[in-house]
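Protein chains get the first letters and strands the later ones, always in sequence-line order, with residue 1 at the start of each. It should be emphasised that the depicted structure is a prediction, and the values quoted were computed from it without experimental measurement.
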Amino acid sequence: MKKGFSLFKLCSATLLGTVFLSAALFAAEETAPGVKGMSDEEFTPTKEVLNVKYVQMDKPYHMDVESLKGAFKDAGAVKVVLQKQDKAFPNGGGSVAGAEVKAIHDGITIYFQITWSDPTKNARTIAVQEFRDAAALMFPLGAVEITPAEHFSPRMGDREKPTNLWHWKADWEADLLVKGELEDVEVQYPNMHDDFNFNPYSAYYHRELITSVEVLSGGRAANNLLSQPGRGRTVEDLNAEGFGTLTTQDHQDVNGCSHYEDGVWTVIMYRSLITQDPHDVQFVPGGNAFFNMAVWNGGEQDRNGQKNISTQWHPATLEKVAWQ
Amino acid sequence: MTLVHNWHLGRRMEYPYFESRPKRQFAAIFNINRCIACQTCTMACKSAWTYNKGQEHMWWNNVETKPYGGYPQSWDVKTLKLIDNGENTWYTDEKDEKLSPYGVYEGDTIFEAASKKNINQWAVGYIPEDKEWRSPNFGEDVAKSNKPDEYSSLPEHSRWFFYIQRLCNHCTYPGCLAACPRKAIYKRKEDGIVLIDQKRCRGYRKCVEQCPYKKPMYRGLTRVSEKCIACYPRVEGKDPLTKGRPMETRCMAACVGQIRLQGFLDDNPKNPVTWLIRHDKLALPLYPQFGTEPNIYYIPPRWAPRAYLRQMFGPGVDEAIDKFMVPSRERLAVMSLFRMAQSIIFEYKIEEGPKVFETTIHGKKFEMYNDTVIGFGEDGQEIVRTTIEEPIHIRDPKHYNSI
Ligand code: SF4
Ligand code: SF4
């Protein structure tokens with residue numbers, strides 16, 4: 001059983017060629033530091049299979065939870081047990097015990113709906129002590145078999161066992177709704193003093209200063225998707241090959257929408273069944289798939305490995321389309 | 001965890017990565033005794049790197065008043081509490097020049113406290129909230145009065161405060177780097193500067209949480225964290241002013257009080273920084289017990305209560321203050337290099353001059369020689385030459401009244 005991986009070898013993985021590990025200090029053990037082994041049970045997918053129902057539907061004009069409600073009406077749900085992430089440092093999570101997953105497709109697009117309880121809505125991450133609510137789906141990349149004999153880690157994949165992740169973020173949803181598509185610091189601190197008067201007609205407008213924002217905003221200058229305004233989506237499309245390897249894709253294909261009411265999040269993530277991107281999972285009507293998921297509770301300071309996870313893969317089958 | 005050697009602690013300690021020291025380590029020495037808290041250093045940094053939107057709360061360099069000041073508020077007290085196991089002491093009977101110059105720390109570091117408490121994190125820590133970053137100079141010039149009715153006199157003032165100049169320590173075993181689950185933080189092999197990769201960072205704030213010095217800072221605008229970059233373009237010699245020579249950072253070069261000397265810790269005993277830290281032991285690390293082997297060193301303030309200073313700079317305090325009060329001939333010469341050049345000095349040479357002064361300080365004989373000190377750059381070229389006695393210029397009587 002391959003418990004971990006040498007972090008240096010990642011650089012040579014062709015898929016994650018863009019992963020850049022420049023730490024001058026290097027991993028101490030062959031097993032990644034702070035990572036405990038996994039049980040055979042975790043390498044066995046759950047018995048319950050998610051039926052991805054074929055639904056003939058017209059794409060709603062507004063992609064929101066309300067408009068998609070009807071389409072999900074007859075889709076069967078799978079209950080996913082969630083627990084604290086207790087293998088890789090930092091450990092954490094444990095405040096969300098479970099979630100319900102449904103999925104549908106219309107022959108063109110696949111939709112996953114995740115529902116879970118969270119008494120606090122955390123949809124902003126501008127103040128240092130504030131963390132977002134989030135949810136993620138993970139899929140093995142390529143056609144795989146998952147058995148105790150054929151290991152495929154349900155926790156972020158493994159070296160040469162890459163995964164595709166869809167990460168929905170509550171604050172990205174909030175970003176989408178404002179002009180410029182990025183909630184700015186004034187939203188968090190309405191009475192803040194700042195040297196930046198963004199009104200170009202103001203007597204104090206200082207062109208050089210204002211244009212320097214991009215240059216001197218490290219994350220933006222480095223093209224970090226998290227820092228960019230105008231992402232146009234609420235779901236990030238990523239890959240991972242084990243703990244600490246999460247990498248944003250150059251090509252973003254996934255989108256989503258959400259609704260929060262009475263302490264319950266309903267999040268829908270959707271994407272074309274098939275994409276041109278070799279780093280994406282592909283779905284074939286009539287075919288099979290696996291998924292796994294995680295939920296972050298911002299109110300509990302969940303982020304990164306501090307999350308509520310399912311420790312097993314869940315099988316899914318896609319219904320055939322009517323004309324198949 | 002592996003075991004690495006931390007010479008500040010005089011022993012091996014737990015750390016998630018192997019020991020891997022840079023070719024030479026970015027380091028600086030601050031003479032606390034001379035700081036006037038003018039905050040020129042603070043503004044030099046601010047106007048270079050953190051004047052931008054979303055960085056309003058960021059002061060990569062800050063100067064705070066001890067014992068009450070702290071940015072973020074009470075950062076040191078809070079972290080000291082996290083590593084306190086009731087018996088954090090130093091064993092100072094045996095020392096080794098190279099391996100344990102201050103003795104041996106018998107207590108928990110931030111890494112060891114985490115593994116003892118079984119919290120399944122690399123280090124203990126906490127995230128200071130908004131309000132804790134908000135008043136960077138809170139407590140300025142507020143003195144502590146141990147005996148309010150008494151006048152103060154040396155060697156220890158009963159009513160005291162002092163300034164402490166703080167920036168990222170570019171630690172040998174950074175807590176921030178250990179904490180980052182993404183390995184977005186790296187320590188450069190060429191100069192030991194610790195940086196956050198702005199592309200890999202995902203704003204998890206584990207570095208904000210586990211840096212004991214609270215020097216990585218979260219930027220709400222970009223949703224990722226930033227920290228002191230040691231003005232690396234200057235250190236690399238990219239600033240045209242020094243024509244390719246490594247240059248000191250903004251905060252160092254701007255220091256009005258001339259309290260700062262920046263350079264690299266290396267193996268050269270004639271490197272002024274190496275000499276003052278490793279050979280003379282005049283300059284001491286800040287809170288060595290945290291266990292990160294920080295690389296900003298301090299000449300402790302001679303008037304402050306020793307117990308407080310020992311907690312802050314370790315058991316080397318008494319010896320360092322004695323040495324500072326009655327400086328040896330070489331020490332005085334090396335200390336004359338502070339703020340004499342913007343190019344980084346890699347080596348010094350002393351040319352002996354005549355004795356000019358003699359006195360007794362606290363019962364100890366002090367002799368002053370007007371030696372000449374020469375500082376050399378990386379290329380071996382002379383970059384500065386100064387004497388112990390500063391030259392006196394007498395203004396021509398006809399200009400007495402002019403500015
Ligand atoms: S002072 Fe903090 S931010 Fe700087 S290197 Fe050390 S642990 Fe990292
Ligand atoms: S510029 Fe020098 S003297 Fe002034 S506050 Fe900074 S360190 Fe102290």
Check your understanding: So how far is it from B:Arg200 CZ to A:Thr245 OG1, rounded to the nearest 0.5 Å?
Key -> 7.5 Å

Exercise for review: Heavy atoms only, distances under 4.5 angstrom: which of B:Val208, B:Ile119, B:Leu221 has the most pairs with chain A? Name it, please.
Suggested key: B:Leu221

Point to revise | Proximal component of B:Pro22, with respect to chain A [non-hydrogen, under 4.5 Å] | key: neither

Practice item. Go through A:Asn304, A:Asn223, A:Asp171, A:Thr125 and name the one with the most non-hydrogen pairs under 4.5 angstrom from chain B. Key: A:Asn304

Practice item. Could you check if a side-chain atom of A:Val128 sits within less than 4.5 angstrom of a side-chain atom of B:Ile127, using non-hydrogen atoms only? Key: yes

Point to revise | Listed partners of A:Arg155 passing salt bridge (charged side-chain N to carboxylate O under 4.0 Å, His left out), at least two apart | key: A:Glu42, A:Asp86

Exercise for review: Might you confirm whether atom OH of B:Tyr126 has over 12 heavy atoms from other residues, nucleotides or ligands at distances under 6.0 Å?
Suggested key: yes

**Study point:** Residue selection (most heavy-atom pairs with chain B, distance under 4.5 Å) from A:Pro90, A:Gly305, A:Pro229
**Key:** A:Pro90

Review point. Distance-only, no hydrogens or angles: does the B:Arg182 side chain make a donor-acceptor pair with backbone N or O of A:Leu246 under 3.5 Å?
Key: yes

Exercise for review: Answer with side chain, backbone, both or neither: which region of A:Glu236 has an atom nearer than 4.5 Å to a non-hydrogen atom of chain B?
Suggested key: side chain

Review point. What parts of residues 109-118 of chain B touch chain A if we use heavy atoms and a cut-off under 4.5 Å?
Key: none

Check your understanding: How about B:Lys53 and A:Val185: do any of their side-chain heavy atoms sit closer than 4.5 Å?
Key -> yes

Check your understanding: Is it the case that more than 12 heavy atoms not belonging to B:Tyr232 sit under 6.0 Å from its OH atom?
Key -> no

Exercise for review: Can you measure from CG (B:Asn120) to CG (A:Asn91) and round to the nearest 0.5 angstrom?
Suggested key: 4.0 Å

Point to revise | Side chain to side chain, A:Gln129 and B:Glu132, heavy atoms closer than 4.5 Å | key: no

Review point. Should A:Glu183 and B:Arg223 count as an ion pair when the cut-off is N to O under 4.0 Å?
Key: no

Review point. Just wondering, do A:Phe131 and B:Arg205 contact through their side chains at under 4.5 Å, heavy atoms?
Key: yes

Exercise for review: Looking only at non-hydrogen atoms, find the nearest pair between A:Asn224 and B:Cys201 and report the distance.
Suggested key: ND2-O, 2.8 Å

**Study point:** Contact origin within A:Asp175 toward chain B - heavy atom pairs under 4.5 Å
**Key:** side chain

Review point. Hey, are the side chains of B:Lys206 and A:Arg303 touching, using non-hydrogen atoms and a 4.5 Å cut-off?
Key: yes

**Study point:** chain A contact via B:Glu226 - side chain, backbone, both or neither, heavy atoms under 4.5 Å
**Key:** side chain

Review point. Given that the side chain runs from C-beta out, which part of A:Gln228 has a heavy atom under 4.5 Å from chain B: side chain, backbone, both or neither?
Key: neither

Check your understanding: So, A:Ser227 and B:Arg219: side-chain donor and acceptor under 3.5 Å apart, yes or no?
Key -> no

Review point. Shortest non-hydrogen contact from A:Phe89 to B:Pro181?
Key: O-CB, 4.4 Å

Exercise for review: Supply the atom-to-atom distance B:Gln198 CD to A:Leu226 CG, rounded to the nearest 0.5 angstrom.
Suggested key: 11.0 Å

